[in-house]
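The structure appears below as structure tokens.
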Amino acid sequence: DAKTTQPPSMDCAEGRAANLPCNHSTISGNEYVYWYRQIHSQGPQYIIHGLKNNETNEMASLIITEDRKSSTLILPHATLRDTAVYYCIVRVAGTASKLTFGTGTRLQVTL
Amino acid sequence: GAVVSQHPSRVICKSGTSVKIECRSLDFQATTMFWYRQFPKQSLMLMATSNEGSKATYEQGVEKDKFLINHASLTLSTLTVTSAHPEDSSFYICSATSGGGGQETQYFGPGTRLLVL
């Protein structure tokens with residue numbers, strides 16, 4: 001699986017949009033971009049994923065650049081409960097396909 | 001989204017004993033489940049891939065005789081830590097894959113915190 005690069009930490013004021021970047025310059029054509037987050041002492045939570053088109057769901061939006069070498073996860077109105085470590089992972093399709101977790105971005109949402 | 005449960009949520013055991021952790025997919029069937037381990041202030045590390053009806057596939061450096069995995073049904077995988085030692089104390093997390101056709105997504109359980117005394 002391609003390696004991803006994320007900033008180690010970010011801060012965001014509550015109510016503001018949180019934009020979390022991820023670089024995946026060696027991504028292959030058949031690899032998807034997945035985002036998960038892990039709140040302290042809990043299992044990771046799936047947020048969103050995409051292949052090449054921008055995606056939006058009730059939790060977040062995923063913007064993937066046209067060359068697919070980077071992406072941005074957007075939490076439109078961050079709350080204190082969004083404080084977590086966010087992981088950007090690239091992965092090929094398939095039920096047996098593994099997820100390889102990097103160090104992620106620790107997002108701290110403040111009042 | 002799909003729900004994955006784990007039991008127990010935390011366990012304390014004496015050194016040398018064995019501990020079994022259950023992972024269940026509650027509202028979907030999963031031919032493949034995964035087991036991860038997470039030490040404090042570190043990221044998740046994949047231990048093994050659990051395949052329904054066949055042997056698990058272990059990652060390099062993970063002792064298959066120490067971490068026994070059984071995936072007897074499409075909704076249940078178990079991880080048994082045999083002869084546990086203090087260095088096995090960790091946060092163990094399972095996941096199960098739902099969906100198909102390029103939309104496969106892994107959903108994670110809440111984790112099991114193991115403390116070996």
Side-chain angles (χ1 to χ4, degrees), chain A residues 1 3-9 22 27-53 55-60 62 64 68 73 84-107, chain B residues 1-7 9-10 21 23-25 28-52 54 56-60 71 74 90-113:
Chain A
D1 290 342
K3 187 175 180 179
T4 62
T5 304
Q6 299 177 252
S9 63
C22 179
I27 191 170
S28 300
N30 63 344
E31 288 181 311
Y32 289 73
V33 180
Y34 282 78
W35 283 83
Y36 286 81
R37 71 181 183 184
Q38 186 178 26
I39 296 170
H40 184 62
S41 295
Q42 297 182 24
Q45 179 187 22
Y46 166 76
I47 301 173
I48 199 167
H49 76 280
L51 182 61
K52 54 184 178 180
N53 296 323
E55 302 287 345
T56 295
N57 62 20
E58 64 278 5
M59 289 183 68
L62 173 61
I64 303 174
R68 302 210 323 125
L73 178 74
V85 178
Y86 287 76
Y87 297 97
C88 167
I89 303 168
V90 293
R91 170 183 179 265
V92 297
T95 56
S97 180
K98 307 174 189 177
L99 287 173
T100 301
F101 284 81
T103 53
T105 296
R106 182 171 298 278
L107 176 68
Chain B
V3 180
V4 176
S5 70
Q6 281 184 243
H7 178 79
S9 58
R10 58 177 63 225
I21 302 170
C23 176
R24 293 181 185 273
S25 55
F28 65 101
Q29 295 183 328
T31 55
T32 305
M33 292 184 174
F34 300 87
W35 287 96
Y36 296 80
R37 181 168 54 182
Q38 186 175 32
F39 292 107
K41 299 190 185 302
Q42 295 186 21
S43 190
L44 281 78
M45 293 295 294
L46 179 65
M47 298 175 65
T49 303
S50 173
N51 306 298
E52 188 268 336
S54 64
T57 305
Y58 291 82
E59 295 300 300
Q60 191 172 6
H71 194 154
L74 289 173
S90 188
F91 191 45
Y92 291 86
I93 311 168
C94 73
S95 70
T97 303
S98 177
Q103 297 301 312
E104 298 84 6
T105 299
Q106 280 191 36
Y107 294 94
F108 287 80
T112 296
R113 193 163 298 281

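Chain A is the first sequence line, chain B the second, and so forth, proteins listed ahead of strands; every chain is numbered from 1.
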Atom pair [atom1] ([X]) and [atom2] ([Y]), whose distance is rounded to the nearest 0.5 Å:
X	Y	atom1	atom2	value
B/Leu46	A/Thr100	CG	OG1	7.5 Å
B/Leu44	A/Tyr36	CG	OH	11.0 Å
B/Thr105	A/Ile47	OG1	CD1	12.0 Å
A/Lys98	B/Glu59	NZ	CD	3.5 Å

Which atom pair, heavy atoms only, marks the closest approach of [X] to [Y]?
X	Y	value
A/Ser97	B/Phe34	O-CZ, 3.6 Å
A/Phe101	B/Ser43	CB-OG, 3.3 Å
A/Gln42	B/Phe91	O-CE2, 3.7 Å

At a 4.5 Å cut-off on heavy atoms, which part of B/Gln38 comes close to chain A: side chain, backbone, both, or neither?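 Side chain only.
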Side chain, backbone, both or neither: which part of B/Thr97 has a non-hydrogen atom closer than 4.5 Å to chain A?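 Only the side chain of B/Thr97 comes within 4.5 Å of chain A.
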Which answer fits A/Gln38, side chain, backbone, both or neither, if we ask what part of it has an atom under 4.5 Å from a heavy atom of chain B?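 The answer is the side chain of A/Gln38.
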Considering residues, nucleotides and ligands other than A/Arg106, do more than 12 of their heavy atoms fall under 6.0 Å from its CZ?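 It does not: A/Arg106 CZ has 12 such atoms or fewer within range.
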Are there more than 12 heavy atoms of other residues, nucleotides or ligands under 6.0 Å from atom CE of B/Met45?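 Counting neighbours around CE of B/Met45, 12 or fewer heavy atoms of other residues, nucleotides or ligands fall under 6.0 Å, so no.
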So do the side chains of A/Pro44 and B/Gln106 get within less than 4.5 Å of each other, counting heavy atoms only?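 No - every pair of side-chain heavy atoms lies 4.5 Å or more apart.
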